[in-house]
J.: 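Below are the structure tokens for one structure; questions will follow.
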There are 2 protein chains.
Amino acid sequence: MSASKRDQLVQRALTVFYRDGFHATGMDKIAAETGVSKTAIYKHFRTKDDLIHAVLRLRDEQFRNWLYRRMEELGDTPKERLLVAFDALAEWFEEDGFQGCMFIKAASEYQDREHPLHATAAEHKRLITAHFEGLAIRAGAKSPGTLARRLTLLKEGAIVAAHILGPKGVAADAKAAAAVLIEHGIGEEGQN
Amino acid sequence: MSASKRDQLVQRALTVFYRDGFHATGMDKIAAETGVSKTAIYKHFRTKDDLIHAVLRLRDEQFRNWLYRRMEELGDTPKERLLVAFDALAEWFEEDGFQGCMFIKAASEYQDREHPLHATAAEHKRLITAHFEGLAIRAGAKSPGTLARRLTLLKEGAIVAAHILGPKGVAADAKAAAAVLIEHGIGEEGQN
DNA sequence: ACTTATGAAAACCGATCAGTAAATGTACCT
DNA sequence: AGGTACATTTACTGATCGGTTTTCATAAGT
């Protein structure tokens, strides 16, 4: 199997796992829906968990690339970019097939914090918070780490709320709350 | 089986499902760990989903009772009580066996919003937000619904963060953010 | 003592689980 | 054409899934 075929497998497995969940999706379904036989899958991934791990790494890369790029496109200054993160989330929430955050679900199904898949989910969250913190620093926040963590809380809460209750208005609520926290953490004249 | 035996079954099933997840827990394990034979279980619950539904209803009742009581005990005024909700969360996060929010996990494993278990999870979240809103009204918030929804976002985000990254400092971050949002939404002199 | 309910336990059902081994193509080399 | 190496499919493993049927133990009624 070529490298691109492998990538295709992981990409398609991502779609299935995201749609149906991890434990609820058997390897037979993965084989059927990706068009790759089980034997071929197990040639590249020792176990189901290994495949899921590859899926999560791909998702991490895709999601963060998308979010960071969208934040750059929608905002001009670090401060603005922190705020428009919630506009990007709004776009995501409204997408067809939005089913919440894959990492929250992974952590929910693999609860033990020692579990490698849980750890991968945790790393994803840490990376996003770190990105926020970088922007908070450049925005002149008094306590960049604090502001970044607060915005992360709003982001996670918004994802959960959008998934459980539906997307309507959630991102807007979160953005408005974020604006308050950002003003409080930077002041009207953050040095962009 | 007496009513109290049934309650005991649901209570013990709750513990197992909360610890190990829904799909990952088979009915044989439930029978073994509750001490109630599968036959006896299926006399009272038509399906596994029915049992889980009973578990979620019990959890909803227990959790909200606990949270509301703790908010009353820790705060004297409506405004204070909104804030100390995050102290109550801190206590929960530090408990042995804390594994995140059962309803977030239920919604993660039963993703379709039409699914009855997902709907039960959604109702739980709505009830808590409604409780917040009642307090926000009595605290004299300018827009009680908005404030309640914002605090809910922080709460959900804090639960997710505490579960994925560990409890350390999460509730304190959320409380500090909540304080900012509450001050902004009420003003220094909310009429308690 | 013998029958008849009752309720729980044990055994079982087909389906599916993660994972593997054997069988079958298929492409390439000489 | 014949042989070799590799990829793919088919078929299978024992275990477990949610759920049901059968067996058994107990106890009350007569």
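Naming: A, B, ... by sequence-line order, numbering from 1 per chain.
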J.: OP1 or OP2 of dA8(C) less than 4.0 angstrom from a side-chain nitrogen or oxygen of S37(B), does that happen here?
T.: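 It does not, given that no N or O in the side chain of S37(B) lies less than 4.0 Å from OP1 or OP2 of dA8(C).
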J.: Could you check T39(A) against H23(A) and say which one's nearest nucleotide on DNA chain C is further toward the 5' end?
T.: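 Per heavy-atom nearest nucleotide, the more 5' residue is H23(A).
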J.: What orientation do F93(A) and F98(A) show, parallel under 30°, tilted 30 to 60°, or perpendicular over 60°?
T.: tilted
J.: Is there a donor-acceptor pair closer than 3.5 Å between any side-chain N or O of R81(B) and the backbone N or O of G75(B)?
T.: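 Confirmed, R81(B) side chain pairs with G75(B) backbone.
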J.: Whole angstroms only, please: what is the CG-C1' distance between L9(B) and dA8(C)?
T.: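 Spelled out: CG on L9(B) to C1' on dA8(C) is 14 Å.
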J.: For K38(A) and for K43(A), locate the closest nucleotide of DNA chain D by heavy-atom distance; then report the residue assigned to the nucleotide nearer the 5' terminus.
T.: K43(A)
J.: What residue among E133(A), E156(A), K155(A) forms side chain to side chain contact (heavy atoms under 4.5 Å, CB included) with I128(A)?
T.: K155(A)
J.: Please check if L147(B) and V84(B) belong to a single hydrophobic cluster, counting links between Ile, Leu, Val, Met, Phe, Trp and Tyr side chain heavy atoms closer than 4.5 Å.
T.: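 Different clusters.
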J.: Give the rounded distance in Å between these two atoms: CG of D20(A) and P of dC17(C).
T.: 11 Å
J.: Would you kindly give the CG-to-C1' distance between L51(B) and dG19(D), to the nearest whole Å?
T.: 13 Å
J.: Ring centroid separation for Y110(B) and H118(B), is it under 6.0 angstrom?
T.: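 No; H118(B) has its ring centre 6.0 Å or more from that of Y110(B).
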J.: Could you please name the option among dG19(D), dT8(D), dA18(C) that lies closest to any side-chain atom of A40(A)?
T.: dT8(D)
J.: For the pair made of CE in M27(B) and C1' in dT20(D), what is the distance, rounded to whole Å?
T.: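 Checked: the CE to C1' distance equals 13 Å.
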J.: Roughly how many Å is it from CG in D28(A) to C1' in dT9(D), rounded to a whole number?
T.: 13 Å
J.: Could you state the interatomic distance from NE2 (H163(A)) to CD (Q99(A)), rounded to the nearest 0.5 Å?
T.: 5.5 Å
J.: Rounded to whole Å, how long is the line connecting atom NZ of K48(A) with atom P of dG19(C)?
T.: 8 Å
J.: If you fit an axis to the five pairs at each end of the helix from dA1(C)-dT30(D) to dT30(C)-dA1(D), how big is the angle between those two axes, to 10 degrees?
T.: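 Answer for the end axes of this duplex: 30°.
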J.: Ignoring hydrogens, what is the shortest heavy-atom contact between C101(B) and K125(B)? Give both atom names and the distance.
T.: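 Shortest heavy-atom separation between C101(B) and K125(B) comes out as SG-NZ, 3.1 Å.
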J.: Please give, in whole Å, the distance from dA9(C) P to I41(B) CD1?
T.: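 Going from CD1 in I41(B) over to P in dA9(C) covers 10 Å.
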J.: Report the distance from atom OH of Y42(B) to atom C1' of dC13(C), rounded to the nearest whole Å.
T.: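 My rounded result for the distance is 13 Å.
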